[in-house]
Amino acid sequence: MSRRDLSGAVDFSVLDRTTGGDDGVAEEVLGLFVQQAEMWSQMLDARIEGWRDAVHTIRGAAAGIGAGALAEVCADAEAAEKDVAPAKLDHVRDALDQALADVAAWRHELMLRSLKG
């Protein structure tokens, strides 16, 4: 993957502002986002106690890297009644997958830039 594979799920200008354009810091932040997503996504099930905590944590991590659509669906799910939560969590998983694909493409681009020196 490379930058041409970006879907627009993540506005990387937010990340650039946060990291001051430092590729090393950006890679570290994106790596942490991927770890958070992996850990908390396992709790995106309305039958699991603490699913709102998972959505809340993913929401904050998403906002920090510029994944606005993901942050929005997380906010929507977090406020949802339990009877509609499963559908809302499906939206969260879909948006998370899209954001993770963009993150993978961006990290690939960062790796290529580091190889060029």
Side-chain angles (χ1 to χ4, degrees):
M1 280 195 200
S2 66
R3 191 178 298 195
R4 69 182 177 278
D5 298 317
L6 296 177
S7 71
V10 179
D11 177 358
F12 288 99
S13 69
V14 172
L15 179 68
D16 284 341
R17 285 191 302 275
T18 302
T19 63
D22 185 309
D23 287 351
V25 174
E27 170 57 31
E28 186 175 340
V29 169
L30 293 175
L32 290 170
F33 175 79
V34 170
Q35 288 175 353
Q36 290 277 313
E38 183 179 311
M39 181 172 61
W40 291 101
S41 66
Q42 296 174 32
M43 293 180 65
L44 296 178
D45 184 330
R47 297 170 296 183
I48 296 174
E49 188 175 329
W51 66 266
R52 286 184 202 275
D53 294 331
V55 171
H56 181 80
T57 301
I58 293 169
R59 176 182 170 192
I65 66 163
L70 174 57
E72 286 179 27
V73 296
C74 284
D76 189 39
E78 192 175 0
E81 297 295 326
K82 189 159 176 116
D83 62 325
V84 296
K88 301 288 185 177
L89 292 173
D90 285 342
H91 293 287
V92 170
R93 281 190 290 279
D94 291 344
L96 180 59
D97 287 345
Q98 193 147 25
L100 286 170
D102 271 15
V103 166
W106 192 262
R107 290 178 83 189
H108 179 78
E109 186 72 24
L110 290 175
M111 187 264 315
L112 290 176
R113 281 195 293 209
S114 73
L115 292 174
K116 293 177 183 177

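As a basis for the values below, the full set of heavy atoms in this structure was taken, side chains included, without hydrogen atoms, waters or symmetry mates. This structure is a prediction, so every number in the text was calculated from the model and none was measured.
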What closest approach, in Å, do [X] and [Y] show between heavy atoms, and which atom pair accounts for it?
X	Y	answer
Arg113	Trp106	NH2-CZ2, 4.3 Å
Gln42	Ile48	O-CD1, 3.6 Å
Ala77	Val92	CB-CG2, 3.7 Å
Ile58	Ser41	CD1-N, 4.2 Å
Leu110	Ala26	CD1-CB, 4.2 Å
Arg59	Cys74	CB-CB, 3.5 Å

For the atom pair [atom1] ([X]) and [atom2] ([Y]), what is the distance rounded to the nearest 0.5 Å?
X	Y	atom1	atom2	value
Gln36	Leu96	CD	CG	11.0 Å
Leu30	Leu100	CG	CG	10.5 Å
Trp51	Glu78	CH2	CD	8.0 Å
His91	Glu72	NE2	CD	13.5 Å
Arg93	Asp45	CZ	CG	7.0 Å
Arg107	Asp23	CZ	CG	12.5 Å

**Report entry** Linked, directly or transitively: Leu32 and Trp40 (ILVMFWY side chains, under 4.5 Å)
**Finding:** no
**Report entry** Shared hydrophobic cluster for Met43 and Val84 (ILVMFWY, side-chain gaps under 4.5 Å)
**Finding:** no
Given 3.5 Å as the limit, does a donor-acceptor pair link the side chain of [X] with the main chain of [Y], or not?
X	Y	answer
Arg52	Ala80	yes
Lys88	Asp76	no
Asp102	Ser7	yes

Report task. Before giving the answer on side chain to side chain contact (heavy atoms under 4.5 Å, CB included), spell out for Thr19 and Val29 the whole-Å C-alpha distance, their side-chain angles and the decisive distance to 0.1 Å. Result -> CA-CA 8 Å; Thr19 63; Val29 169; 4.2 Å; yes
Query raised in the report: Does a side-chain heavy-atom distance below 4.5 Å link Val14 with Asp11?
Result: yes
Query raised in the report: Side chains of Phe12 and Leu6: does their closest heavy-atom pair fall under 4.5 Å?
Result: yes
